Enquirer: 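One structure coming up, written as structure tokens, with questions to follow.
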Amino acid sequence: MNQKNRVYNFSAGPSMLPLEVLESAAANLTNYCGCGMSVMEMSHRSKEFASIIQEAEQDLRDLMHIPDNYKVLFLQGGGSLQFSMIPMNLFRNSKKADFIITGAWAKKAAKEAAKYGEVNVLASSEEDVYTYIPEVDPANFTKDADYFYITYNNTIYGTRYTKLPETGDVPLVADLSSMILSEDLDITKFGLVFAGAQKNVGPAGVTIVIVREDLIGFAEKNVPTMLDYKIQAENNSLYNTPPCFAIYMAGLTFKWVKAQGGVAALQKINEDKAAMLYDAIDNSKMFSCPVAKKDRSLMNVVFVTGNPDLDKKFIAEAKEAGLVNLGGHRTVGGMRASIYNAMPVDGVKALIKFMEEFEKNNL
Ligand SMILES: *Cc1c(COP(=O)(O)O)cnc(C)c1O
């Protein structure tokens, strides 16, 4: 236990939030900044909420260095609705898209896109249980594709991109759900990025979409109004009632990230945390990481003992020790430690110490 009787929560999502963010929300829960009501109770057209959403957008723009020719949208429907909204809005000429399949989320995105156009799967690491990011040859890219799709960080399998595909004039689209604000990105390399909030930003309910302006305005007439980026952009994410409280919480996290020194400062800490944990795994006689070294995620660290019963024992005993939600995704088993921005260095150290003791007692 740590931080006021809270456990170290290694859940992949919804996941740990910074204690300062939760405490700030708690202090303002019944009476937000003296306005006499909670954020949950105020009109989304009020001047208080206008400041909340505008500040959240500006803080995110500052943190990610988002240029003026990109729109920032706060939407609903999770990362999964973007699997549909992207093809509905971005299929505008050839209606073709290139995909790299690095996991279950990319596969779902490709399946949705195929309902609206032609999906070309350039590479997949499915045969090796997605333990690496496949290399691709730009000679095989579809020259007239409307977009090129990747999952930047693969939450379930513990891989991430370290080198982006060179797609030239074809807009690169990336699912940042489990890595947004964890490392510095050059947003101008992308046509569109998106992330559900519940991994690294706030509670579930809001999804961030950052989209270049020239890609907006191509939805077909039969696309539902709510799913048209143009409508959402023209209305500054206030076409209808947005997920007000989730946006407020995301805004508090953005201020927390700024207070930590910004994304580059957190990236440094994230690299240190991940290196510590991977070193411990690689130096252990009991635990191993199945992921190719060059593609290892900074956010989701996957490891196994090789014995499913021993994995179960580890997960159960870790829980007793206040290190919770260390089970791997239900489709892959083993262990997964999600060490997002909000996971303190001390949490990772506590996990490593526990692993060493477990190994001593069970080898
Ligand atoms: C969690 C996750 C999703 C799905 O997000 P929802 O908000 O539950 O729809 C999509 N992509 C990635 C990479 C994820 O980690």
Side-chain angles (χ1 to χ4, degrees), residues 9-17 73-88 97 99-113 115 124-126 129-134 147-162 164 172-183 185 190 192-211 226-227 232 237 242-243 245-247 249-250 253 270 274 291 295-302 325 327-332 336-343:
N9 177 8
F10 293 92
S11 170
S15 40
M16 219 170 152
L17 291 172
L73 308 175
F74 296 107
L75 306 180
Q76 303 197 51
S80 299
L81 187 58
Q82 292 313 306
F83 300 165
S84 309
M85 278 181 80
I86 290 163
M88 284 173 155
F99 275 72
I100 305 180
I101 307 296
T102 52
W105 297 120
K107 209 171 163 179
K108 283 185 173 164
K111 190 173 168 216
E112 288 303 306
K115 294 179 181 174
S124 166
S125 47
E126 183 169 11
V129 206
Y130 302 117
T131 47
Y132 65 95
I133 302 287
Y147 65 96
F148 188 114
Y149 186 99
I150 60 167
T151 309
Y152 197 98
N153 182 77
N154 294 277
T155 327
I156 300 174
Y157 314 93
T159 64
R160 68 158 174 158
Y161 274 85
T162 51
L164 294 174
L172 183 60
V173 171
D175 179 351
L176 308 184
S177 291
S178 49
M179 63 72 66
I180 189 167
L181 299 175
S182 71
E183 57 181 284
L185 290 180
F190 302 90
L192 183 151
V193 297
F194 68 94
Q198 70 272 26
K199 313 275 164 69
N200 220 0
V201 169
V206 62
T207 305
I208 296 161
V209 176
I210 303 166
V211 53
M226 282 288 292
L227 305 187
Q232 297 289 358
S237 309
F245 197 77
I247 292 169
M249 292 291 291
T253 300
N270 289 330
V291 176
D295 299 327
R296 287 177 175 180
S297 169
L298 295 180
M299 296 282 98
N300 311 99
V301 178
V302 166
N325 286 320
H329 190 265
R330 57 194 154 79
T331 55
V332 294
R336 170 176 54 177
S338 295
I339 50 174
Y340 298 118
N341 286 346
M343 174 60 67

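Atoms within each ligand, like the ligands themselves, are counted from 1 in listed order. Note that the structure is predicted; figures quoted are calculated from it, not measured.
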Enquirer: So, do Phe99 and Tyr147 sit near enough that their side-chain heavy atoms are less than 4.5 Å apart?
Expert: yes
Enquirer: Which is it for Ser182 and Asn200 under the side chain to side chain donor-acceptor pair (under 3.5 Å) test, yes or no, and what are the steps along the way?
Expert: CA-CA 8 Å; Ser182 71; Asn200 220 0; 4.5 Å; no
Enquirer: Drop me the distance from Ile156's CD1 to Ser297's OG, to the nearest 0.5 angstrom.
Expert: 12.0 Å
Enquirer: Let me know which protein residues bring a heavy atom to under 4.0 Å of ligand 1; chain then number is fine for ordering.
Expert: Gly78, Gly79, Ser80, Phe83, Trp105, Thr151, Asn153, Thr155, Asp175, Ser177, Ser178, Gln198, Lys199
Enquirer: Would you say Asn300's side chain and Thr159's backbone share a donor-acceptor pair under 3.5 angstrom?
Expert: no
Enquirer: Can you measure from CD1 (Ile101) to OG1 (Thr151) and round to the nearest 0.5 angstrom?
Expert: 7.5 Å
Enquirer: Quick one: CD1 on Ile133 to OG1 on Thr162, what's the gap to the nearest 0.5 Å?
Expert: 8.0 Å
